[in-house]
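Report on the following structure.
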Amino acid sequence: MGLAFLVYSLKAYIIVISIIMLIYSIRHFIFSMNRSIGEQKLFYQDIIDTDLPSVTVIIPMHNEELVAANSLEAILNSDYPSDKLEIIPIEDHSEDGTRKILERFELIHKNIHPFYRSSGNRGKPSAMNEVLQFAQGDVIIVFDADYIPPRGIIRNIAISFLDPEVGAVMGRVIPINVSSNLITRLLDLERTGGYQIDQQARYNLKLIPQYGGTVGGFRKDVAIALGGFNPNIITEDTELTFKLYARGWKVVYANRAECYEEAPETWAVRSRQVTRWARGHCQVFFRYLFPMLKSKYLSFLEKFDGILLLFIYFIPLILLIGIGASLTLFFLGEMNLFSSIFVFIMVATYSSFGNAAPFYQIGVGALLDGSHARIRLLAMLMFNFVYYMWYISKGAFHAIFDVIFTRNPEWQKTQRFRKQDQ
Amino acid sequence: MAKNSKIQKTRSIILFTIFFCSVACGLLAEASDTLSSSITSLDYLKTKESVTEEITEQNVVKKVLHNLDEKKDFNFLLIFIIIIFVIMLFLPFFPAIRELYQKKDDKPLFVSMDYTKDPRFFDNSFREKLVANVDQVGIDRCFRITISGKEELIEVVEAKNIDNFNFGKYALYLDGDLHMKKGMNFSKEVYVNGTTELQENTKIRALLSEKDLILGKDCKVIRWIGSEENIFVGSGCNLGVRCTCEKELHIEENCVFKSLYGHPIITDYSVQNEEELKEIDLDIENSEEETTEDNLEKPVYETITFRKLKDDKSTISDNSLVMSRNELSLPKNTEFSKDIIVKANLIIGSGSQVKGTIKCYNDVTLKENVEIDADIISDKNIILGSNCRVWGNLFCQGEITIAPGCEIGTEGIVKSVIGKKGITLEGNVKIHGYVLTEGKGITA
């Protein structure tokens, strides 16, 4: 009796996750088709307007002596009117030479106003909350310290706020250290799929593009009115996205606002990064799923896409459990769900469309970028898939335990790899 | 650190192996199950061979299999399937391994670090390259520069000698004022260090004029034209990809464009026909004595608060009002002082004043004499009635139509009119700044 119940439960579980994977695969397919042959929505970067909003550029820094000077010089080279541009690098409990670098820049440039933190909670959300109280710009634009913003990017991001519905803007992140090793090449492919296809399609289809916390901006007054950033949520960017949407604001995606970043170069660093993202994202799921569903400002499609977006970091965990269920059923000799042909179709469909659905996005994205040879690396993403299954599941587990045991995670910084003066 | 990475790698390999094996086991189990059911049904058929001999297909299969040793060939078949499966499973990895070793595409995507949004960027950089070189070279000489990634030879010639010149071979630097005959064809880039006057039916690839640029009727621009002063465009011209100048850009009717830039851009013609003009003259003659300032009616504005708007509404901030569901129509002579976000069509009655940005998910229609003291953004089309005044930008995913007498922006401040699918400018329209469309721009 107990065994029969177990068998039926496992079979039902496999059917359910197959349906979920099918929904995601259809979603990825729709996004790929939209970018391939669908109508593309014009973005605001072509607007030329003398009346630009005032901007504060924030660059959180913790032990960033390797990269601080490069990012500040790139921002100073911006074509944004200097009388409307304020730059606030946040030196957050650094133990290296970051502070000295900032003091040097402060002496030379009048619109650089570093903020030094040596007390209070360490971490980006806490630092941003403090800076929001005295930043002068109407628009806050954030760059991570290892980013190298091009000349026109601040204008491209700031001009979006002419739209009164826009609460935040996200630009496109491009790895600069692609050629370092296999992992950087694979991460470059992931970024291509994520930004060139996923984000842009969500913008085209009026769904939910996501604010990513860097190479992006938000309205200062709105962020303050919504309570700032929660220091107990690691992914403050995802939190801001859903907070904005729940209250009627929109996030838009600026594909033309491209910026170089440094991708992790070791699997160890990447594993910590992806675990952190999964944990933070799942935290946001628990806090914002119902506010988003109850929001009177969102359409049905926006809510549906929001659910899929919030749930995405649980997928590896449910897949891992699904593999366990499949193996259990196999050794119990109970793999027949309906009949053999249906099982074969389900497995084949799942393995081709379910696994490969992100591959559609990455392949189409690479084609749109004019990068054809790197598409050959698509098969290697199988390693990422298996690798992420473990670490994202770990992050999801942490998030579940955070809720159950009301734990507050510690904020962690991603390790840098760039050599000084590079 | 090294030990940790070894553990990570080992863990990854184990996980991958488990995943691969579980998928392979599942597929093989299904393949073997399917095959053994097929063999079972064939056995059944063999014992029933005496029942009927009319079904020829079954007879063929039976005969073939009858000659086989079923058990032995089943094993061969299984091994064959496994080999095919393994080959197909690993096939996608071969191009990947090749790319890892050959590294044909391992550079980061190109991002132009110096890119800046400047509608006259190309004109200015073209001019800088030419001016920098021509001083060193002199008249009736040549020099090379790079234009659009290609190296071009530039010939320096006096403009007054151009009639005898052999066009088409080289790009030109023309010193002095240029006055061309009708129907000339410039197939390379041209820079004129003076005033440029092109007659009817001239065809130009690209031209930059240091002083005023005058285009006759029916001229065709393949790429772009620009001037450091004013541009005057005759009727029926095709202005190519870009037409920009530092001062006034005057365009007559029936011209086609993609991008314009001027301070301001003026469509220099009236849409009234002659009969209407005669009627109006008569009216003015008859009523001249009666018209005084006291008799002119001034509009009485009615301030609309959101309480008076009949629809589902809410605020997302102190400045923004969100309207949803149904079409919103503001009555005549309305005064409204908020940003307004409408999720349906929006119609603003004549004579109204709106002091806030308009964002609309559908069409925005302004009746005549409306004033908007901010931007208009639409996911579909924007239609401006006659004599409207908009101090901000117009931006839409559809088409923009601007009726006669409208003015966009203000002197000294650049604003933009951007309609993804098309822009129609009627007569006597003034735009301070930039016009852009991916579709067709016309002066109607």
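We name chains A, B, ... by the order of the sequence lines, and we start the count at 1 in each one. Please read all numbers here as calculations on a predicted model, not as lab measurements.
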- Query: Heavy-atom distance under 4.5 Å to chain A: side chain of B:Lys107, backbone, both or neither?
  - Reply: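 It is the backbone, since no side chain atom gets that close.
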
- chain A contact via B:Asp114 - which portion, at a heavy-atom distance below 4.5 Å: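 Both backbone and side chain.
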
Relative to chain A, which of [options] shows the most heavy atom pairs under 4.5 Å?
{"options": "B:Lys343, B:Lys104, B:Gln397", "value": "B:Gln397"}
{"options": "B:Asp339, B:Leu436, B:Asp118, B:Ile341", "value": "B:Ile341"}
{"options": "B:Ile418, B:Leu91, B:Ile97, B:Val417", "value": "B:Ile418"}

- Message: How close do B:Ile316 and A:Tyr297 get, counting heavy atoms only, and between which atoms?
- Response: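 So the two residues come closest at CG2-CE2, 3.6 Å.
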
- Item | Minimum heavy-atom distance between A:Met380 and B:Phe93, given as atom pair plus value |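 That would be SD-CD2, 4.2 Å.
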
- Item | Check: B:Tyr361/A:Glu165 side-chain N/O donor and acceptor closer than 3.5 Å |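 Their side chains do contain a donor-acceptor pair, which is all the 3.5 Å distance test asks for.
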
- Message: Please determine whether side-chain contact (heavy atoms from CB on, under 4.5 Å) holds for the pair B:Gln102 and A:Arg376, giving the CA-CA distance in whole Å, both sets of side-chain angles, and the decisive distance to 0.1 Å.
- Response: CA-CA 11 Å; B:Gln102 286 186 345; A:Arg376 294 177 195 164; 4.1 Å; yes

- Tell me, with the steps shown, if A:Asp51 and B:Lys415 meet side-chain contact (heavy atoms from CB on, under 4.5 Å). CA-CA 8 Å; A:Asp51 293 325; B:Lys415 295 291 176 184; 3.0 Å; yes

- Are any side-chain N or O atoms of B:Lys359 and backbone N or O atoms of A:Val166, one a donor and one an acceptor, separated by less than 3.5 Å?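 No, because the side chain of B:Lys359 does not come within donor-acceptor range (under 3.5 Å) of the backbone of A:Val166.
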
- Report yes or no: does A:Tyr260 contribute a side-chain atom to a donor-acceptor pair with the main-chain N or O of B:Leu109 at less than 3.5 Å?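 Yes, the answer is positive, given that a donor and an acceptor are paired below the 3.5 Å cut-off.
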
- Test: B:Asp106 and A:Arg374 ion pair at under 4.0 Å: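 The answer is no: the pair does not qualify as a salt bridge.
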
- Which residue out of A:Thr192, A:Val222, A:Asp163 racks up the most heavy-atom pairs below 4.5 Å with chain B?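 Looking at each option in turn, the highest pair count goes to A:Asp163.
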
